[in-house]
A.B. asks: 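Please see the structure below; I have some questions.
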Amino acid sequence: MATAHSDAAQDRQVPEPDGTRPLAVVLLCAGVAMLPWLLVLANSLPATESATWIGLDVLEALGLTATGLLMLRRDPRGCLTATATAVLLVADAWFDVTTAAPGTELATAAAMALGVELPMAVLCAVQAVRSWPHSARRERR
């Protein structure tokens, strides 16, 4: 019986692909690094908008942090947090760009989308695909 239990535990862990640990650390640090940004938003946004934008960024920070932690633990549930975080980052980029006023605000939103949010979304999406538990099972067969 002990063998069946240990086999089940091994099936839940995804083999660590090359380069996973550095990516996990990047995602974890990115999530933690968003905390000061949340304070900037809280002090700079109008009260009517702050709950929306701060709430979205809190979810992104939690998603990045959770994904990084789950990756470090080689927990297959990281594919779920990576997928959700990628979607949140793409939505954030979309809303930032489409709601920005023309000029400097739009340029800043586009730069953030192209330089930070969309690349992070791609990293999360790639990790989600790489860590999908079914992929590991197919490789062993």
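This chain uses plain numbering: 1 for the first residue, then up along the sequence.
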A.B. asks: Please give me the minimum heavy-atom distance between A121 and L89, naming the atom from each residue.
C.D. replies: N-CD1, 3.7 Å
A.B. asks: How far apart are the closest heavy atoms of L27 and C124, and which atoms are they?
C.D. replies: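 It is CD2-SG, 4.0 Å.
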A.B. asks: Return the minimal non-hydrogen interatomic distance between M120 and A30, and the atom names on each side.
C.D. replies: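 Minimum heavy-atom separation between M120 and A30: CE-CB, 3.6 Å.
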A.B. asks: Any idea which heavy atoms bring A113 and P119 closest together, and the distance?
C.D. replies: O-CD, 3.7 Å
A.B. asks: Kindly give the heavy-atom pair with the smallest separation between E105 and T99, and that separation in Å.
C.D. replies: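 Scanning both residues completely, I find the closest heavy atoms to be OE2-O, 4.1 Å.
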A.B. asks: Give a yes or no on whether V40 and V58 share a hydrophobic cluster (residues Ile, Leu, Val, Met, Phe, Trp, Tyr; joining criterion: side-chain heavy atoms under 4.5 Å apart).
C.D. replies: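 Shared cluster, yes.
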A.B. asks: Do V116 and L106 share a hydrophobic cluster (ILVMFWY, side-chain heavy atoms under 4.5 Å, transitive)?
C.D. replies: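 Not linked; separate clusters.
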A.B. asks: Atom CZ of R130 and atom CG of L123: how far apart are they, to the nearest 0.5 Å?
C.D. replies: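 It is 10.0 Å, given to the nearest 0.5 Å.
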A.B. asks: Which atom pair, heavy atoms only, marks the closest approach of G78 to S131?
C.D. replies: C-OG, 4.3 Å
A.B. asks: How would you list all residue pairs meeting side-chain hydrogen bond (donor to acceptor under 3.5 Å, both in side chains) that involve residues 39-68, not counting sequence neighbours?
C.D. replies: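 Every pair satisfying side-chain hydrogen bond (donor to acceptor under 3.5 Å, both in side chains) with a residue in residues 39-68: W37-D57, T67-T81.
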A.B. asks: In the hydrophobic clustering that connects Ile, Leu, Val, Met, Phe, Trp and Tyr at side-chain heavy-atom distances below 4.5 Å, which members other than V126 occupy its cluster, ordered by chain and number?
C.D. replies: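 Other cluster members: V122.
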A.B. asks: Which value, rounded to the nearest 0.5 Å, describes the distance between L59 atom CG and M34 atom CE?
C.D. replies: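 The CE atom of M34 is 9.5 Å from CG of L59, to the nearest 0.5 Å.
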A.B. asks: Give the cluster check for L64 versus M71: same hydrophobic cluster or not, with ILVMFWY residues linked at side-chain heavy-atom distances below 4.5 Å.
C.D. replies: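 Linked, L64 and M71 end up in one cluster.
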A.B. asks: Between L38 and L88, is there shared hydrophobic-cluster membership here, with clusters defined by ILVMFWY side-chain heavy atoms closer than 4.5 Å?
C.D. replies: yes
A.B. asks: Say you draw a straight line from CG of D92 to CG of L56; how long is it, rounded to the nearest 0.5 Å?
C.D. replies: 4.5 Å
